[in-house]
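Small disclaimer: the values here were computed from a predicted structure and weren't measured.
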Amino acid sequence: MQSQDPVESLRLEAAALRAEHAALEVALAGAERTARRLERLVAAVPGIVWESEGTLGEPGYRVTYAGGQIEQILGYSRQQWIASPAFWPSIVHPDDRARVLRDSAPSGHPTEHRFVARDGHEVWVSPRMRVLRGKDGAIVGTSIFAMDVTERVLAERAGAELHLRAQTLARRLDDLLASVPGVVWETRIDGASHVPSFYSGYLTTLTGYLPEELLGVEGGARLILHPEDQARVVHELGTHLGKSSAPVEFRLLTKDGRTLWVETRVRPVKGKGGELRGICGVIMDITARKLAERAQEQLENEMIAAQAEALAELSTPLLPISGDVLVMPLIGVVDAARTAQVAEVLLEGMNAARARVAIVDLTGVPSLDSDAADGLLRAARSVGLLGAEVVLTGLRPEVARTLVALGTDFSGLTTCRTLEGGLAHAARRSRGR
């Protein structure tokens with residue numbers, strides 16, 4: 001066997017080394033391109049990426065890589081993150097630090113927590129951790145990707161806060177409605193349709209109906225409105241809508257058949273564009289007030305009637321002079337209504353006293369119109385039908401002229417110039433009998 005030329009052998013070895021070197025250069029260039037591509041991808045991720053060797057909190061732990069948007073999100077550099085193994089735990093929010101240190105062990109499960117950025121504001125992240133193992137399967141480190149979820153967390157917290165505030169306001173509104181001694185109501189208007197959309201619980205206290213028995217029913221309010229008031233109430237509510245007005249009073253029918261008087265004021269419910277969407281108000285029970293008003297009105301009517309009766313008695317007094325003689329002195333204006341009262345009092349008084357002579361003294365009467373004079377003469381004739389005599393005294397010239405102008409037959413009617421003369425005439429008639 002012929003031995004190989006040493007020179008040729010060296011040449012071949014050198015060629016092999018050059019080929020291997022070229023292959024390494026190609027591989028290195030590919031690796032660099034892959035690394036740059038990976039770096040670009042990591043930099044585009046909306047979060048923070050870092051890898052570490054060892055176990056956090058134990059000797060030998062160190063951060064071997066930091067990337068992503070550390071500077072954009074937190075304001076710190078990648079070099080700060082790598083330089084000290086205690087750096088990133090130090091910027092975890094103090095309230096979250098113990099939990100994060102515990103959950104960042106290879107057997108842990110990191111949960112959302114806060115970092116404190118360089119300018120002091122809080123950044124919420126949602127971490128995902130992957131355990132790194134060697135060829136033998138032993139744990140050699142961890143890789144963590146922490147996505148920035150600050151906007152989502154703040155939005156959720158704002159939503160939760162709004163929900164809590166809404167619940168608080170709803171409870172407060174319920175408490176307020178429960179304290180109102182009236183029915184708070186709202187009706188939705190859709191064209192010509194009027195549908196009750198809300199009644200407070202006091203509806204049951206006032207009428208016995210549950211709110212759900214009337215809600216959502218077209219014209220549901222008419223189920224409890226008194227039939228005689230329905231048309232008026234609809235008209236008045238429409239007239240007063242959106243205006244400052246007095247309350248509308250009407251009657252409600254309770255479930256057990258009672259009638260209640262209530263009042264309500266109305267306010268418009270408008271949409272964002274100012275269009276009318278409904279009306280609302282509060283129904284207050286005024287039954288007690290109405291009953292008191294009616295009682296007061298009845299008492300006033302009775303008082304007026306009593307006063308009228310007393311005035312009538314004062315305006316037509318009938319005074320007994322003797323068993324046979326009664327005197328009625330009239331003072332002031334005598335009109336047709338008063339002469340009718342004169343006739344009534346004379347007839348009743350003469351019949352009750354069985355008197356023979358009634359003296360009607362007109363000394364205090366300044367004048368008589370034709371209707372009053374005619375009424376006075378009819379009263380005298382009515383008394384004559386009872387078998388008694390009417391004597392007119394104290395006639396003024398104006399009154400006498402009015403009586404003559406009537407052209408009435410004065411036969412059977414006695415007149416005297418003065419009251420004394422009338423009394424003397426009555427005395428003579430009594431002695432004659």
Worksheet item: Please walk me through it: do Gln230 and His226 pass side chain to side chain donor-acceptor pair (under 3.5 Å)?
Response: CA-CA 6 Å; Gln230 289 184 8; His226 194 286; over 6 Å; no

Main chain of [Y], side chain of [X]: is a donor-acceptor contact present, judged purely on distance under 3.5 Å?
X: Arg417; Y: Gly394; answer: no
X: Glu213; Y: Leu210; answer: yes
X: Ser77; Y: Gln80; answer: yes

Fill in: Audit row: Trp50, Ser143, side chain to side chain donor-acceptor pair (under 3.5 Å) steps and yes/no
CA-CA 6 Å; Trp50 74 96; Ser143 175; over 6 Å; no

How long is the straight-line distance from [atom2] of [Y] back to [atom1] of [X], given to the nearest 0.5 Å?
X: Ile224; Y: Leu206; atom1: CD1; atom2: CG; result: 8.0 Å
X: Arg128; Y: His109; atom1: CZ; atom2: NE2; result: 12.0 Å
X: Leu260; Y: Thr287; atom1: CG; atom2: OG1; result: 4.5 Å
X: Arg62; Y: Ser52; atom1: CZ; atom2: OG; result: 10.0 Å
X: Asp96; Y: Arg114; atom1: CG; atom2: CZ; result: 4.0 Å

Worksheet item: If we only count heavy atoms from C-beta on, is the Arg338 to Leu330 side-chain gap below 4.5 Å?
Response: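 Heavy-atom side-chain distance check passes, below 4.5 Å.
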
Worksheet entry | Pair Thr254-Thr207, side chain to side chain donor-acceptor pair (under 3.5 Å): steps then yes or no | CA-CA 4 Å; Thr254 66; Thr207 68; over 6 Å; no

Is it the case that over 12 heavy atoms from other parts of the model lie below 6.0 angstrom from the [atom1] atom of [X]?
X: Glu151; atom1: CD; value: no
X: Arg97; atom1: CZ; value: yes
X: Lys255; atom1: NZ; value: yes

Worksheet item: Where do Arg130 and Thr142 land on the side chain to side chain donor-acceptor pair (under 3.5 Å) test, with the steps shown first?
Response: CA-CA 6 Å; Arg130 186 171 68 88; Thr142 55; over 6 Å; no

Item to complete: For residues Tyr76 and Phe87, establish whether the separation of their ring centroids is below 6.0 Å.
Response: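 Tyr76 vs Phe87: aromatic centres under 6.0 Å.
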
Worksheet entry | Ionic contact status for Arg165 with Glu161, cut-off 4.0 Å |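 The answer is no: the pair does not qualify as a salt bridge.
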
